[in-house]
Amino acid sequence: MSRITHALAAFAAFWWDFIVGDDWKIAAGVIVALVLTAAVATSTVPAWWLLPVGVLGVLAASLAAALRHARTG
């Protein structure tokens with residue numbers, strides 16, 4: 001593997017780990033919230049509220065899953 005290929009692979013691995021981290025479902029939920037916010041922003045409906053609500057929903061789902069896992073653990 002050349003140095004450039006190794007550097008690009010390391011760069012991609014860093015960003016994957018930084019964005020996705022331990023749970024890919026959280027990253028996917030945030031991306032869905034961003035896409036929905038962008039879609040609503042093209043209409044006449046105010047879109048500022050959608051992203052915080054989406055992130056809170058993803059957080060609540062993540063916490064519920066963690067609690068379920070801790071109880072069955």
Side-chain angles (χ1 to χ4, degrees):
M1 187 181 276
S2 72
R3 285 178 24 166
I4 293 174
T5 307
H6 179 68
L8 288 174
F11 183 74
F14 165 76
W15 281 108
W16 178 264
D17 192 42
F18 182 74
I19 294 171
V20 175
D22 293 334
D23 192 0
W24 64 270
K25 293 176 252 174
I26 293 173
V30 171
I31 289 171
V32 168
L34 284 168
V35 169
L36 288 175
T37 301
V40 171
T42 62
S43 70
T44 58
V45 178
W48 65 266
W49 58 272
L50 191 56
L51 189 59
V53 169
V55 169
L56 286 175
V58 169
L59 176 63
S62 174
L63 288 174
L67 287 173
R68 274 192 309 274
H69 180 69
R71 287 182 188 153
T72 61

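Nothing here was measured: the structure is a model prediction, and the numbers come from that model.
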### Query
Of all heavy-atom pairs between P46 and W49, which one has the smallest distance, and what is that distance?
O-NE1, 2.7 Å
### Message
Assigning hydrophobic clusters by single linkage (Ile, Leu, Val, Met, Phe, Trp, Tyr; side-chain heavy-atom cutoff under 4.5 Å), is V32 placed with I26?
### Response
no
### Task
Look only at the side chain of S62 and the backbone of V58, and say whether a donor-acceptor pair between them is shorter than 3.5 Å.
no
### Task
Treat each ILVMFWY residue as a node, draw an edge where side-chain heavy atoms are under 4.5 Å apart, and state whether V45 and W48 are in one component.
yes
#### Entry: L50 CG to L36 CG distance, which is reported to the nearest 0.5 Å
6.0 Å
### Query
By ring-ring contact (aromatic ring centres under 6.0 Å, His included), which residues pair with F14, not counting sequence neighbours?
F18
#### Entry: More than 12 heavy atoms of other groups within 6.0 Å of L67 CG
yes
